[in-house]
2 protein chains.
Amino acid sequence: MLIATWNVNSVRARAGHVHRYLTESAPDILMLQEIKCQAADFPRDALPDGYQVEILGQKAYHGVAIIARHPINLVQAGLSTRRVNESGGQENVDESDAEARYLEADIAGIRVGDLYLPNGNPSRRTDEGGATNSTTESNSIKYDYKLRWMQRLTARAQELMSSEKKFLLAGDFNVCPTARDLYDPVGWRDDALFRLDTRREFRRLVNLGLTDAIRARYPDDTLYSFWDYQGGRWSRGEGLRIDHFLLSPPLADRLVDCGIDRTPRQWEQPSDHTPVWCRLD
Amino acid sequence: MLIATWNVNSVRARAGHVHRYLTESAPDILMLQEIKCQAADFPRDALPDGYQVEILGQKAYHGVAIIARHPINLVQAGLSTRRVNESGGQENVDESDAEARYLEADIAGIRVGDLYLPNGNPSRRTDEGGATNSTTESNSIKYDYKLRWMQRLTARAQELMSSEKKFLLAGDFNVCPTARDLYDPVGWRDDALFRLDTRREFRRLVNLGLTDAIRARYPDDTLYSFWDYQGGRWSRGEGLRIDHFLLSPPLADRLVDCGIDRTPRQWEQPSDHTPVWCRLD
DNA sequence: GACATGGGAG
DNA sequence: CTCCCATGTC
């Protein structure tokens with residue numbers, strides 16, 4: 001069972017890449033982030049024969065999709081616990097569902113959560129004083145939103161830990177878990193992707209008992225999954241590891257191999273992210 | 001000597017097409033219209049080895065360029081007679097030079113004028129009366145500008161007829177000379193490309209003694225050089241003949257063959273125009 | 001319908 | 001740097 005995750009930075013701009021990746025790597029499941037379109041605009045011709053797709057989309061931004069060769073049984077879209085009842089009753093939409101960032105499904109006996117965690121920058125709110133030029137620093141609205149979103153994700157993971165046997169969370173977490181996971185830890189000290197508060201919240205999640213597959217398999221390697229378009233980061237080899245697979249204990253036991261496939265980052269007009277994959281027996 | 005003209009509708013969007021056309025058809029001279037960029041942004045990699053280019057560009061709209069395998073000796077950019085003097089003295093810019101639409105050069109002993117004539121639509125100004133709902137029709141500002149531009153072009157052609165032996169004018173004239181030159185003469189009766197005033201002004205130009213090469217070679221054929229993107233005009237075969245070669249008498253005598261090459265209109269993401277070409281001995 | 005622009009986002 | 005959108009031209 002081969003499972004992959006990929007932030008494609010617009011599935012319409014990258015339909016050819018998605019088709020090529022599915023054809024050449026033939027994953028059983030591919031979880032996409034930042035599809036940047038509504039479900040109706042998802043390019044179906046990106047899917048080779050035999051693949052199906054479930055989509056949580058919105059206009060212009062965010063958006064996640066799960067592509068698989070097995071039937072996809074949708075469990076929930078969004079992170080809120082309350083769902084719409086069948087008689088059209090009250091839906092209690094969590095703040096974390098305002099944007100299309102989370103899709104959960106059962107596929108071939110595995111529960112998968114596909115997520116696109118908020119970036120959170122700018123991290124600090126800067127109130128500029130007039131003549132004094134004084135600045136007071138507090139968390140920005142966007143950073144607070146990120147932290148709350150992470151808390152909601154952790155709550156969901158907690159539910160899954162209690163109730164489910166086999167599940168994984170994969171996607172673009174927008175978190176560098178440790179200083180080894182980015183090219184310039186000092187320069188990024190205050191960035192929402194690496195701030196101590198971010199890493200602490202990520203550790204809370206992992207400490208539920210999840211396994212960061214890539215780091216478990218390669219404890220000491222420098223591995224990145226994202227290289228900014230700006231500043232020639234790819235050619236300088238300056239990236240971040242922010243796309244992750246978190247495996248629940250029974251799936252961690254089934255981990256055969258995993259890796260980061262840098263090939264698609266070298267294709268024409270690539271996404272700034274490249275696929276991360278896991279093979280389970 | 002093979003000479004071609006092509007409205008490319010953005011040379012940056014069509015750099016690959018221009019390169020392919022130059023490679024496959026190998027014209028000695030290619031005159032482009034609607035390059036839609038400043039000279040500095042012209043994609044030089046559109047030129048195969050051995051070709052050079054002279055550009056009159058501006059931001060976003062219009063813009064003409066002459067590409068050739070022979071040295072290009074620029075004569076003038078724009079239609080005004082007065083030029084900048086070398087000591088930086090007064091330049092008398094004609095109204096017709098406000099937009100980048102005309103470039104004239106000597107190449108291999110031939111004077112060529114590359115032009116992108118104003119479209120002129122909307123043709124009529126409509127003053128809506130309030131309660132009465134009356135409308136008075138007079139020429140629009142854009143149509144008047146087109147007619148004046150044509151008059152200035154005719155004046156330039158008159159100068160060339162008097163002083164020069166061999167010259168041609170080629171480009172996007174935005175004029176259907178006769179009812180045979182568009183798919184729906186009745187429907188287009190009032191359009192700036194086919195209005196009687198437009199055709200009359202075009203005839204004044206031709207009547208200086210110029211030869212409309214395509215029509216001279218194919219007196220009775222239905223031939224188009226432009227098919228609107230909208231309404232599936234290409235697939236319906238509904239076009240306009242608005243791109244022309246006008247030859248002065250000595251060049252008309254040297255006309256070996258000419259045609260409209262519909263191939264590039266069938267390439268991926270094509271221009272709405274296709275190249276028109278002439279072979280002179 | 002397919003270019004251009006400028007602004008917002010990452 | 002490379003997407004998205006809205007508006008404007010033809």
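Proteins get letters first, then strands, A, B, ... in listed order; numbering begins at 1 in each.
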### Query
Can you check whether Gln269(B) has a side-chain N or O nearer than 4.0 Å to OP1 or OP2 of dC3(C)?
yes

#### Entry: For atom CG of Asp41(B) and atom P of dA4(C), their distance in whole Å
11 Å

### Query
What pairs with Glu201(A) under salt bridge (Lys or Arg N to Asp or Glu O under 4.0 Å), at least two apart in sequence or on another chain?
Arg204(A)

### Task
Identify, with sequence neighbours excluded, every residue that meets salt bridge (Lys or Arg N to Asp or Glu O under 4.0 Å) alongside Asp197(B).
Arg195(B)

### Query
Starting at CG of Asp228(A) and ending at P of dC3(D), how long is that distance when rounded to a whole Å?
13 Å

### Message
Listing request: all side chain to side chain donor-acceptor pair (under 3.5 Å) pairs with a residue in residues 31-43 of chain B, at least two apart in sequence or in separate chains.
### Response
Thr5(B)-Gln33(B), Asn7(B)-Glu34(B), Asn9(B)-Lys36(B), Gln33(B)-Asp114(B), Glu34(B)-Tyr116(B)

### Query
To the nearest Å, how far apart are Phe226(A) CZ and dC3(D) P?
14 Å

#### Entry: salt bridge (charged side-chain N to carboxylate O under 4.0 Å, His left out) contacts touching residues 224-235 of chain B (sequence neighbours left out)
Arg233(B)-Glu238(B)

## Note on the structure
In 5'-to-3' order, the base (B), backbone-only (S) or no-contact (-) status of each nucleotide in nucleotides 4-10 of chain D, using a 4.0 angstrom heavy-atom cut-off, is SSS--SS

### Message
I need the NE2-C1' distance between His17(A) and dT2(D), as an integer number of Å.
### Response
13 Å

### Task
Whole angstrom is fine here: how far is it from CG in Asn7(A) over to P in dC1(D)?
19 Å

#### Entry: Nearest-angstrom distance from the residue atom CD of Gln58(B) to P of dC3(C)
19 Å

### Query
By salt bridge (Lys or Arg N to Asp or Glu O under 4.0 Å), which residues pair with Arg215(B), not counting sequence neighbours?
Asp181(B)

### Message
From CD of Gln38(B) over to C1' of dT5(C), roughly how many Å is that when rounded to an integer?
### Response
12 Å

### Task
Classify the nucleic acid contact of Arg14(A) as base, sugar-phosphate or nothing, counting any heavy atom under 4.0 Å across all strands shown.
sugar-phosphate

### Query
Is any NZ, NE, NH1 or NH2 atom of the basic residue among Arg156(B) and Glu104(B) found under 4.0 Å from an Asp or Glu carboxylate oxygen of the other?
yes

### Task
Take the protein atom CD of Glu268(A) and the nucleotide atom P of dC3(D), then report the distance between them rounded to whole Å.
11 Å

